[in-house]
Peer 1: 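Take a look at this one; I'll ask things after.
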Amino acid sequence: MAEDRELVDRLHRRDRDALRRIYEKYKDDLLTIAACMLADRADAEDCLHDVFVSLSADSARVRPDGNLKGYLVTSVANRSRDRLRRRRRRDRAGQTTGMTVGENPAGASDPAEPMIQREECDRLYRAIAALPVEQRTVITLRLHGEMTFDEIARREGVSGNTIRSRYRYGLEKLRTLLGVGVKR
């Protein structure tokens, strides 16, 4: 937290190195959140880029005493929701979007392992993408954003019980979609 406060202070003074350090520190977590919400790696990278361009242009919005990671997670989640809305409008207008998710993991000992892992990752992303956006947001913020239910509730403007319900229903739907823990 002390490092984050120092980085925010330097960011307010227009220190480009501070912006680079913030990016390096949080990019992987933020990219994972965006990819889970959008189920599209390229769209997730664009979303992350947009958040950092916005942060660079208007760093005063970040409070020096606030939670930098929470601010960034919320920014990525909001941008992701905006992109999902635009995507839905585009899809309704007859345009389609492609699913390009996941990456081949490096360093696998079995030559088939990267392909298997990519297929599993793609399957998980497709299942997450099939969730209602409210459930997807809560699951992503909870698991990848490491936010508490109360933090998510405050950011979403709903009760903690609503957030817990969305989380529970979302996980149940994921289990069903993935066939995990479901007796056949």
Side-chain angles (χ1 to χ4, degrees), residues 1-8 11 21-41 43-52 54-55 58-88 99 101-102 120-183:
M1 283 298 206
E3 180 189 14
D4 284 357
R5 276 186 230 130
E6 179 188 336
L7 287 171
V8 169
L11 187 66
R21 175 66 187 120
I22 292 168
Y23 177 80
E24 289 173 354
K25 184 174 181 179
Y26 292 114
K27 72 176 172 154
D28 293 334
D29 290 339
L30 299 173
L31 188 59
T32 300
I33 291 167
C36 284
M37 290 185 70
L38 296 167
D40 183 320
R41 179 70 180 209
D43 218 11
E45 289 171 352
D46 289 346
C47 178
L48 183 62
H49 178 260
D50 290 349
V51 166
F52 276 91
S54 177
L55 179 64
D58 192 13
S59 62
R61 297 181 80 182
V62 184
R63 291 190 343 248
D65 60 341
N67 178 346
L68 177 60
K69 183 176 182 180
Y71 174 84
L72 293 170
V73 166
T74 300
S75 296
V76 166
N78 289 339
R79 293 271 179 162
S80 295
R81 277 193 291 272
D82 291 345
R83 285 177 176 274
L84 286 170
R85 281 187 215 100
R86 283 194 304 270
R87 186 186 296 169
R88 270 188 241 117
M99 297 274 290
V101 295
E120 287 296 313
C121 186
D122 287 349
R123 186 171 169 243
L124 177 61
Y125 280 140
R126 283 191 303 273
I128 290 172
L131 294 175
V133 71
E134 295 84 8
Q135 293 172 3
R136 184 181 333 154
T137 299
V138 172
I139 288 172
T140 302
L141 293 177
R142 177 78 174 136
L143 298 179
H144 294 292
E146 299 173 358
M147 295 174 71
T148 66
F149 291 125
D150 291 336
E151 289 172 330
I152 298 168
R154 278 192 300 277
R155 293 192 191 289
E156 295 294 308
V158 296
S159 75
N161 287 337
T162 298
I163 293 300
R164 285 176 185 81
S165 294
R166 288 177 182 174
Y167 183 76
R168 185 178 66 250
Y169 293 138
L171 289 181
E172 288 172 7
K173 187 165 185 170
L174 275 178
R175 285 185 189 104
T176 300
L177 291 169
L178 296 170
V180 177
V182 178
K183 295 183 181 180

Peer 1: Would you say the side chain of Val8 lies within less than 4.5 Å of the side chain of Arg63, judging by non-hydrogen atoms?
Peer 2: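 Answer no - side chains too far apart.
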
Peer 1: Working to the nearest 0.5 angstrom, can you tell me the gap between Leu171 CG and Thr176 OG1?
Peer 2: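 Here the rounded value is 11.0 Å.
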
Peer 1: So that I can tick it off, tell me whether Asp29 and Lys69 are bridged by a salt bridge, with the cut-off set at under 4.0 angstrom between side-chain N and carboxylate O.
Peer 2: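 Salt bridge present between Lys69 and Asp29.
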
Peer 1: Find the distance between CG (Leu11) and CG (Leu55) and round it off to the nearest 0.5 Å.
Peer 2: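 Taking CG in Leu11 and CG in Leu55, the distance rounds to 5.0 Å.
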
Peer 1: How about CZ on Phe149, more than 12 heavy atoms from neighbouring residues, nucleotides or ligands closer than 6.0 Å, or not?
Peer 2: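 Enclosed.
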
Peer 1: Which distance, rounded to the nearest 0.5 Å, do you find between the CD1 of Ile139 and the CG of Leu131?
Peer 2: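 If I round to the nearest 0.5 Å, the distance is 5.0 Å.
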
Peer 1: Would you check if Arg166 and Pro132 make a side-chain contact, meaning some heavy-atom pair closer than 4.5 Å?
Peer 2: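 Side chain of Arg166 against side chain of Pro132, heavy atoms only: no contact under 4.5 Å found.
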
Peer 1: In a check of side chain to side chain contact (heavy atoms under 4.5 Å, CB included) between Tyr26 and each of Asp4, Val51, Ile33, which one passes?
Peer 2: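 With Tyr26 as partner, Asp4, Val51, Ile33 yield a single side chain to side chain contact (heavy atoms under 4.5 Å, CB included), made by Asp4.
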
Peer 1: Give me the atom names and distance for the closest heavy-atom approach of Leu177 to Ala127.
Peer 2: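 Scanning both residues, the minimum pair turns out to be CD1-O, 3.6 Å.
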
Peer 1: Measuring from atom OG of Ser75 to atom CG of Asp50, what distance do you get when rounded to the nearest 0.5 angstrom?
Peer 2: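 If we round to the nearest 0.5 Å, Ser75:OG and Asp50:CG are 11.5 Å apart.
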
Peer 1: With rounding to the nearest 0.5 angstrom, report the NZ to CG distance, Lys25 to Leu30.
Peer 2: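 Reported value, rounded in 0.5 Å steps: 11.5 Å.
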
Peer 1: Just wondering, do Arg83 and Asp46 contact through their side chains at under 4.5 Å, heavy atoms?
Peer 2: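 Yes - at least one pair of side-chain heavy atoms lies under 4.5 Å apart.
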
Peer 1: Can you check whether Arg155 reaches Val73 side chain to side chain, under 4.5 Å on heavy atoms?
Peer 2: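 They are not in contact (no side-chain heavy atoms under 4.5 Å apart), so the answer is no.
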
Peer 1: Within the structure provided, determine whether Leu141 and Glu156 are in side-chain contact (heavy-atom separation under 4.5 Å).
Peer 2: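 Touching, per the 4.5 Å side-chain cut-off.
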
Peer 1: With rounding to the nearest 0.5 Å, note down the distance linking CE in Met37 to CD1 in Ile128.
Peer 2: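 Going from CE on Met37 over to CD1 on Ile128, the span is 10.5 Å.
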
Peer 1: For Arg86, does the CZ atom sit with more than 12 other heavy atoms under 6.0 Å from it, leaving out its own atoms?
Peer 2: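 Yes, the 6.0 Å shell around CZ holds more than 12 heavy atoms from other groups.
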
Peer 1: Is the shortest side-chain N to carboxylate O distance from Asp82 to Arg79 below 4.0 Å?
Peer 2: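 The answer is no: the pair does not qualify as a salt bridge.
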
Peer 1: For Tyr169, is the OH atom crowded, meaning more than 12 foreign heavy atoms sit under 6.0 Å from it?
Peer 2: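 No.
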
Peer 1: So, does Arg136 use its side chain to make a donor-acceptor pair with the main chain of Cys36 at under 3.5 Å?
Peer 2: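 No, Arg136 side chain to Cys36 backbone: no donor-acceptor pair under 3.5 Å.
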
Peer 1: Quick check against the 3.5 Å criterion: does Arg87 have a side-chain atom that pairs as donor or acceptor with the backbone of Leu38?
Peer 2: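 Looks like yes, one N/O pair under 3.5 Å.
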
Peer 1: Pick out which of Thr74, Thr140, Ile163 makes a side chain to side chain contact (heavy atoms under 4.5 Å, CB included) with Ile152.
Peer 2: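 Exactly one candidate clears the test, Ile163.
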
Peer 1: Starting from the C-alpha separation in whole Å, work towards a yes-or-no answer on side-chain contact (heavy atoms from CB on, under 4.5 Å) for Tyr23 and Leu48.
Peer 2: CA-CA 9 Å; Tyr23 177 80; Leu48 183 62; 4.1 Å; yes

Peer 1: Can you find a heavy atom in the side chain of Lys27 that is under 4.5 Å from one in the side chain of Phe52?
Peer 2: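 The answer is no; the side chains never approach within 4.5 Å.
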
Peer 1: Would you say that Gln135 contacts Val138 through its side chain, given a criterion of any heavy-atom pair below 4.5 Å between the two side chains?
Peer 2: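 No, too far: nothing below the 4.5 Å cut-off.
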
